[in-house]
**Q** 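Attaching a single structure in structure tokens format; questions to follow.
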Amino acid sequence: MLDIQLLRNDLEGVVSRLQKRGFTLDSAKFTALELERKTVQTRTQDLQAKRNNTSKQIGIAKSKGEDVSAIMAEVAGLGDQLKADEARLSELQTELQNLLLNVPNLPHESVPPGESEADNVEVRKVGTPRVFDFAVKDHADVGAPLGLDFDTGAKLSGARFTLMRGQIAKLHRALAQFMIDTQTEQHGYTECYTPYLVNAETLVGTGQLPKFEADLFSLAHNDSKLYLIPTSEVTLTNTVRDEIVPLEALPIKLTAHTPCFRSEAGSYGRDTKGMIRQHQFDKVEMVQIVHPEKSDEALEQMVGHAENILKALELPYRVVALCTGDMGFGAAKTYDLEVWLPAQNTYREISSVSNCEAFQARRLQARFRNENGKPELVHTLNGSGLAVGRTLVAVLENYQNADGSVTVPTVLRPYMNNLQVLS
RNA sequence: GGAGAGCUGGCCGAGUGGUCGAAGGCACUUCCCUGCUAAGGAAGCAUACGGGCUUAAAUCUGUAUCGAGGGUUCGAAUCCCUCGCUCUCCGCCA
């Protein structure tokens, strides 16, 4: 959520910065709402002040045993007007709030301008794609004989669900273990186990609601709803909701390995084959809660933390700076890590690391006590470190052998009873 | 699933219709005194959102907030209703 003060003070500036990311803010509507809000709020507060003051006098007079009927008459007509004004004010504030909740974050100045994926900027390329002396198979074909079973996944649950058996299932688990061990032991994150079902308030905090409800799975619970987390960014970041943390507590660095559930309503037709795009996938997530002055620096570090996983797995990848038009709703700046997939002969997203600055913190009321003892909004960052399913895809494709076996990356062998080859 | 208790400021805790944004304590900040591994004294110390002034901040001023929402009332932390959460006991249970 943007700071409403910023919209009041520099509406034109905000409109033009949002335009860069392809969002058109209804500034006329905002101005009209603000104008009425101001009028009604001032009037309401004046009436409230009058009522409070008169009521206080009644109290004083009564305690002295004086007759209060004259003062009572004075305040008699106040109620109806006040009630009407209060109701209207509350409506206006709700409308303003809803308007703001649906406005995306402002892009950081360093974000390259652009409209789509095509305008993203490659920052660096690491590793050299392997040269194969045989026809490469895609991960679905490599994985099928080793235990990667889409048909059974579909039988149990439908399209975009996968069953893994045997060595593939173990490789999948090894990847997750390796990732979370690296994040905790090498990069200083605290491992967390979080709920997979969360309430609506939590999702409003990180920005999935109210705008993106269609992307989420939900379950009826009592008279309300619980949602399956689309990423543990949601739970990890919400740990600081409505909190004022001490300055010394920053930065807070959290990680979790959880399943992620995405309805992906808008994406049918893309990546229908294989396990690139699933309704359920595992991910190791990194979240940092930092001092506002430190968030730019933290973003670069987190990209490094994600890269270290790919480096250790010896997978070729590139780092891409997303352009203004391709960034997620809450991000001020985002880097994607794209891993090399030989069967597709291209780099595909395997991690996304974003600095949300105060956008989520404002929704969350997540603050710290600054140098002067005053509460101030924190900055929040999140990133995948990494998406486990897509990493499995990358390993299967990049480590495949001519005989259909798959070499186990060296760093994973301790997690697999020193198994060298899947066959 | 059954029965009961509770939810007040950073923390503890008083407050059952009226000068209550809320006593007292702890913690914290500043100052004073004393002097050495401590003690005493004074003051300050919630948040959000408006308005006025201002380049801005501070200050000033108003409103709201005692788990949430609604109601009664001139006036609600206090009374009524609904909901949420926490805890205790019983039952069930990986």
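Each chain gets a letter, A, B and so on, in the order the sequences are listed, and its residues count up from 1. Predicted model, so just to flag it, every value in this text is computed and none were measured. Just so you know, these numbers use all the heavy atoms, side chains as well, and skip hydrogens, waters and symmetry mates.
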**Q** B:rA77 and B:rC89: how far apart are their P atoms, nearest whole angstrom?
**A** 35 Å
**Q** Quick one: which of B:rU47, B:rA64, B:rU19 gets closest to the side chain of A:Q48?
**A** B:rA64
**Q** Are A:Q208 and A:Y227 linked by a side-chain donor-acceptor pair shorter than 3.5 Å?
**A** no
**Q** When we call it a touch if two heavy atoms are under 4.0 Å apart, what does A:P246 touch: a base, just sugar-phosphate, or nothing?
**A** nothing
**Q** The side chain of A:P375 is closest to which nucleotide in this list: B:rG21, B:rU47, B:rC74?
**A** B:rU47
**Q** With a non-hydrogen cut-off below 4.0 angstrom, is A:N52 in contact with a base, only sugar-phosphate, or nothing?
**A** sugar-phosphate
**Q** From the set B:rG51, B:rU63, B:rG75, return the single nucleotide nearest to any side-chain atom of A:Q45.
**A** B:rU63
**Q** We want to know whether A:R413 and A:Q420 form a side-chain donor-acceptor pair, criterion being a heavy-atom distance below 3.5 angstrom.
**A** yes
**Q** Under 6.0 Å between ring centres, would you say that holds for A:F329 and A:F212?
**A** yes
**Q** For a quick test of reading the model: is some side-chain N or O of A:R367 closer than 4.0 Å to OP1 or OP2 of B:rA48?
**A** yes
**Q** Provide the distance between the two C1' atoms, one in B:rG44 and one in B:rG10, to the nearest whole Å.
**A** 16 Å
**Q** Heavy atoms from C-beta onward define the side chain here; which of B:rG51, B:rU63, B:rC74 lies closest to that of A:A49?
**A** B:rU63
**Q** Measure from the side chain of A:K62, starting at C-beta and using heavy atoms only, and say which of B:rU47, B:rC74, B:rU63 lies closest.
**A** B:rC74
**Q** Between A:S384 (side chain only) and A:S352 (backbone N and O only), is there a donor and an acceptor less than 3.5 Å apart?
**A** yes
**Q** Between B:rC49, B:rG51, B:rG18, spot the one nearest the side chain of A:K38, thanks.
**A** B:rG51
**Q** Nearest-Å distance, CD1 (A:I4) to P (B:rC49)?
**A** 9 Å
**Q** Side chain of A:R37: nearest nucleotide among B:rG18, B:rG51, B:rC49?
**A** B:rG51
**Q** Answer with base, sugar-phosphate or nothing: what part of the nucleic acid does A:K83 contact at a heavy-atom distance below 4.0 Å?
**A** sugar-phosphate
**Q** Looking at B:rU47, B:rC74, B:rA64, which one has an atom nearest to any side-chain atom of A:M72?
**A** B:rC74
**Q** Considering every strand and a 4.0 Å limit on heavy-atom distances, what is the contact class for A:Q5: base, sugar-phosphate, or nothing?
**A** sugar-phosphate
**Q** Ignoring hydrogens and geometry beyond distance, is a side-chain donor-acceptor pair present between A:S423 and A:S405 at under 3.5 Å?
**A** no
**Q** Between B:rC31 and B:rA48, how far is it from one P atom to the other, in whole Å?
**A** 26 Å
